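Accompanying notes for the structure given below.
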Protein chains: 2
Amino acid sequence: MHAYEKIRTEMLQRISQQVWPAGSSLPHEEQLAEEFGVARGTVRRAMEQLVDQGLLERKRKAGTKVAARNAHSSTLTIPVVRREVTDSGAEYGYSLLSARKGGRPLDRSGYFAGAPLLHICCLHLSDGRPYQLEDRLINLAVVPEAEVQDFSEISPNEWLLQKVPYSSVCTTLKAEAADAKQSRHLQIAQHSPVFVIERQTRLDKQQVTLVRMSHPAAGFSIITQTNWIDIPDPE
Amino acid sequence: MHAYEKIRTEMLQRISQQVWPAGSSLPHEEQLAEEFGVARGTVRRAMEQLVDQGLLERKRKAGTKVAARNAHSSTLTIPVVRREVTDSGAEYGYSLLSARKGGRPLDRSGYFAGAPLLHICCLHLSDGRPYQLEDRLINLAVVPEAEVQDFSEISPNEWLLQKVPYSSVCTTLKAEAADAKQSRHLQIAQHSPVFVIERQTRLDKQQVTLVRMSHPAAGFSIITQTNWIDIPDPE
DNA sequence: ACCTCTATTATGTATAGACATATTATGCAT
DNA sequence: ATGCATAATATGTCTATACATAATAGAGGT
């Protein structure tokens, strides 16, 4: 275990056992460096990670304080659907439902500013059962290749992620009651709960794509795990 | 703008514009340091952040490659309910529904290994309307103070976050159809969709608390935003 | 061809020192 | 006291260097 890891763990302990309670000030870098017998840069490195995790707050001259925890943060990872299905041990299936130019039923907010659009609907299956309904708009002004691409074998999800660059993503998670389309394709009763992920992808100022991914609520969940203290090794 | 920020932005550009396409190898650190006219440490600093964001993969001797993007990662922040409500401009309300020892209706999986439990139900309101139903188990072996704490004014959510240390959190997001309890307290029709956040909090090996937070699906969503390219300043 | 040992190499960790900068604390003048 | 300029200070950035380490590439022997 490296010096900065030991120090980070030690500091984590002191925070979680309230040796350094929330709101209190830490000794400054040079003092800690002396205490731990390392260079200032090594202490900084340990502290930076704790700042990233939101456990410490630092300000020039004012020093370092233990942050008041008033939120839970974690990293949300949403893999490509195919991986999500295969990683669960199930067999992945895919079928294109429709692909036509010009549609904008999803484009309620006018994100695309009149650009030519491609509207794609497709279904992702897990062991033959409907897993996700993907309803997507692609901006042909940004991604002209999409118009001639055949999406009957590869899903737009995967194709876009691999081929098309983007610089900003906005993800929205919500629950809904299944509408006619969702209930038909996902083979669930109307008005039964659906977990929806909406994602808006931009390249600089331009919208690249807008997608709604609907999952039957039964059996679907998103899980995130955060560990602050490093896994205690058996020595 | 600092040197490491400029370099990070430049590298981000090269990745998103596919000057360095996914899978390709980057020049090694010393070459880049020379190209940008900085020390190796400064290049490292820029690269580390890109590695954290999952855009680069590095391996000793093998070098640095642009990672294949096969997932969307973002940071999920779930604030204390009260803040969530007040930040939206609404008035926050709270009412304790029940608090009694020994219950374990939530403890389906036997997480708490027979420890003495406190079971609390409460409701969080936004502008007088039900916003979240909180259904919580607290491990009294870890948090004995909870037994004598009065939760009629302060919610267990807030109290625990501030008072009790923890080292690991597992969060699950799902959609459900409202059961009798949810529909009654959230004032929605039975079987209408509910957005549920379940959180399991541990301190080392011990369960601290297990909570189910149910929101009426209508009007509730979780939003995350990720920006890879730094905001372009007007100069 | 195949295995093994060795050298090479790019990244990883750590140090020490210099300087920059935001922010607080101090002291002076009013 | 009050306001303002100034000094002090903890964090932030950057450099230069040394050595550690993992993983590959290459040499050599079988």
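Here the structure is a predicted model, which means the values were calculated and not measured. Quick note on labels: first sequence line is chain A, next is B, and so on, each numbered from 1.
Atom CG in A:L26 sits about 13 Å away from atom C1' in D:dT11, given to the nearest Å. Here C:dG12 presents its P atom at 12 Å from NZ of B:K59, a figure rounded to the nearest Å. Remark: P of D:dT15 and OH of B:Y4 are 13 Å apart, rounded to the nearest angstrom.
Comparing atom distances between the B:T64 side chain and each of C:dT11, D:dT24, C:dA14 picks out C:dT11 as nearest. Distances from the side chain of A:T42 to the nucleotides C:dG12, D:dA23, C:dT15 place C:dT15 closest.
Interface remark: the B:K61 side chain does form a donor-acceptor pair with the C:dT8 base, using a distance-only criterion of under 3.5 Å. Applying the 3.5 Å distance criterion, the base of C:dG17 shares no donor-acceptor pair with the side chain of A:R40. In the interface, the side chain of B:R60 is paired with the base of C:dT11 through a donor and an acceptor atom under 3.5 Å apart.
With respect to A:E29 and A:R40, a salt bridge is recorded, a charged nitrogen being found less than 4.0 Å from a carboxylate O.
Using a 4.0 Å heavy-atom distance criterion, B:R45 is classed as a sugar-phosphate-only contact.
For B:Y4, the ring pair (Phe, Tyr, Trp, His ring centres under 6.0 Å) test picks out no residue, with sequence neighbours left out.
Proximity of A:L123 to A:Y94: side-chain heavy atoms (C-beta onward) are nowhere separated by under 4.5 Å.
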